[in-house]
Amino acid sequence: MSGEVPLVQLDHVERTFGDVAPVYALRGASLDIGVGDWIAIVGPSGSGKSTLLNILGLLDRPTFGCYRLAGTDTGPLTDQQRAGLRSRKVGFVFQSFHLMAHRSVAENVMLADVYRRGSRVDRHERAIEALERVRLDHRAGYLPPRLSGGERQRAAIARAILSRPQLLLCDEPTGNLDSTTGAAILDLFGEMHRDGLTIVMITHDPDVAERAHRQATIIDGTLAEVS
Amino acid sequence: MTDPRSSVSFADIVSESLAGLFSRPGRTGLTVLGTVIGLAALVATIGLSQTAGNRIVGRFDELAATEITITAKPPGLDGTSNDLPWDASDRLTRLNGVVAAGTISTIDVGDVLVSTSPVRDPAQRTDFKLSIQAASPGLFDAVRAVVRSGTIPDRLHSERGEQVAVLGAAAAERLGINRLDQLPAIRIGDDLFLVVGVLEDVSRQFDMLSAVIIPEGTAQRMYRLAAPETVVVETRIGATNLISQQAPLALRPDNPTGLRVAFPAEPQRVREAVQSDLNLLFIILGSVALLVGAIGIANVTLVSVMERTGEIGLRRALGATRRHIAIQFLAESSTMGFIGGVMGGSAGILIVVAVSAVQSWTPVLDVAVALAAPAIGAVIGFTAGIYPSMRAATMEPVEALRSAV
């Protein structure tokens, strides 16, 4: 772990579903992630990986416990404040890409700027820069259905890094890709990590997890750091 | 310390909603069609009713618009007489705005018949039951009588009570009188009258055409006519309202309320009444069409929300709040309504112009109606989008993202 103040601080976070007979998705999870860390969270289906990622991305709230992002206690924040924090601090990369099929690659990337009220003047230029960074600028005008799986994921990564987030959350980022393409995407994450981006990646694939510098496992909602 | 709240610019709302709409142009077009039809019907309806109203005014009978008839009400319980004065014509012609005035009364002669011969011919009928009317000299001008032959009784005939008569065209035909050069005479019962004129036509009081008309003074002397029955007044255009107020006072200053004044509605009122009737009918039809259009927008927007669940989840992940999502879908539905309003308003104007061109009418349409169409469309779209937008806004981002996988 690098950096003095952790970017992410989970302190005995619990998440339950249902009131009468609550089901635990997370049990007392505690984790610190420093600025510039790349951590993989490994676990089988239904272990609580996605719940953890949703809490880290401010898409969900813990039932108990405290979550601090960049030093801010997210518990008391309103939905609007959480949305603002999310748009500025967090980038998402999903397994199924979530690209809008009827918009060009550049337009998909630019969408990340809409809710943080980024300048419209240089928005396109910044989108092209982000695409250059993932080596997809030559496909800027293409519609997503014309791209390969790897290109789609690169477009999704470009969208995630447009707003220069501090934290990149990746949900099975290579799950829909073949091994070669998946390896290329992981190489890309490696480059970003070297540039100082903090990456949290959830996966069920141990080989993918090997690429991260830190690994944690989650089984039945219990989080434990392995290395 | 907390970060600033998430926000989105107006320009981005507009561009995002337009992008959302035009990503499915076929569906958007079909959805907008309902509003287009509704507003086209509404604008065309109002335009055509205004055009028709204008035509009605153009064709409005100028004669009817300048006619007033005054009659006496039945006597009151206290026996107060409401009779018209004998000099009613003179009193009214002094009023500014009166072109001509005259009195007319129906004479009750019982079963007395009218004939041209004292001899009864059993082979051919020679006596007829005809209406006998008494008229003042001014009446013939007031009803715009056209004389076929001869002349009409003047003031002297009336004052002397001379036994002269004018026949209406139909009465003259029944009595077989075609020429006046041989000084034909008729008998009303046993009383002989010299026929001095035959009327070709009248513009008012059409029953004169089938009647025998004698001077008022003659009727007063021979048939004990107590008072004139009706005063017919021709006014200048636009003066009927004023004259109808002044006439009772001029005729019976002592008892103006004892008279009944009848005059036609002003052209403007007729137009308004006709437009009101037409508008009500077609606005109901247009509203039904608009309701169908609104339901269409609501339905398609709701389907769109369901289909775009993943997009909603993505936008939330990128920082959109519930409010932003609601605004986006409301903007889309409002834009659909607005576009429908612009197209429907334009189509409505084209319909009015086309129908008017075919009918050789002058198209009339209030500009405000045409300009209001897009606003009405936007309001309908906004209203129709409220429920789907709320559905979209209340989606949990985690669920939305998961369901789209």
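Residue numbers begin at 1 in each chain, while the letters A, B, ... track the order of the sequences.
- Side-chain atoms of Gln80(A) and Arg322(B) form no donor-acceptor pair, as typed in the model, at a separation below 3.5 Å.
- For Arg24(B) and Phe22(B), the positive end is not near the middle of the six-membered ring at less than 6.0 Å and at most 45° from its axis.
- For a residue to count as touching a neighbouring chain, one of its non-hydrogen atoms must lie under 4.5 Å from one of that chain's; by this rule Arg159(A) touches chain B with the side chain only.
- Contact of Phe97(A) with chain B is not made at all, since no heavy-atom distance falls under 4.5 Å.
- Per-residue counts of heavy-atom pairs under 4.5 Å with chain B were compared for Val114(A), Thr51(A), Asn54(A), Val90(A); the largest is that of Val114(A).
- Interface check for chain A: of the options Pro397(B), Ser9(B), Gly313(B), the most heavy-atom pairs under 4.5 Å are formed by Ser9(B).
- Donor-acceptor pairing under 3.5 Å is recorded for the side chains of Tyr115(A) and Arg315(B).
- Between Thr72(A) and Leu77(A), the shortest heavy-atom contact is CG2-CD1, 4.2 Å.
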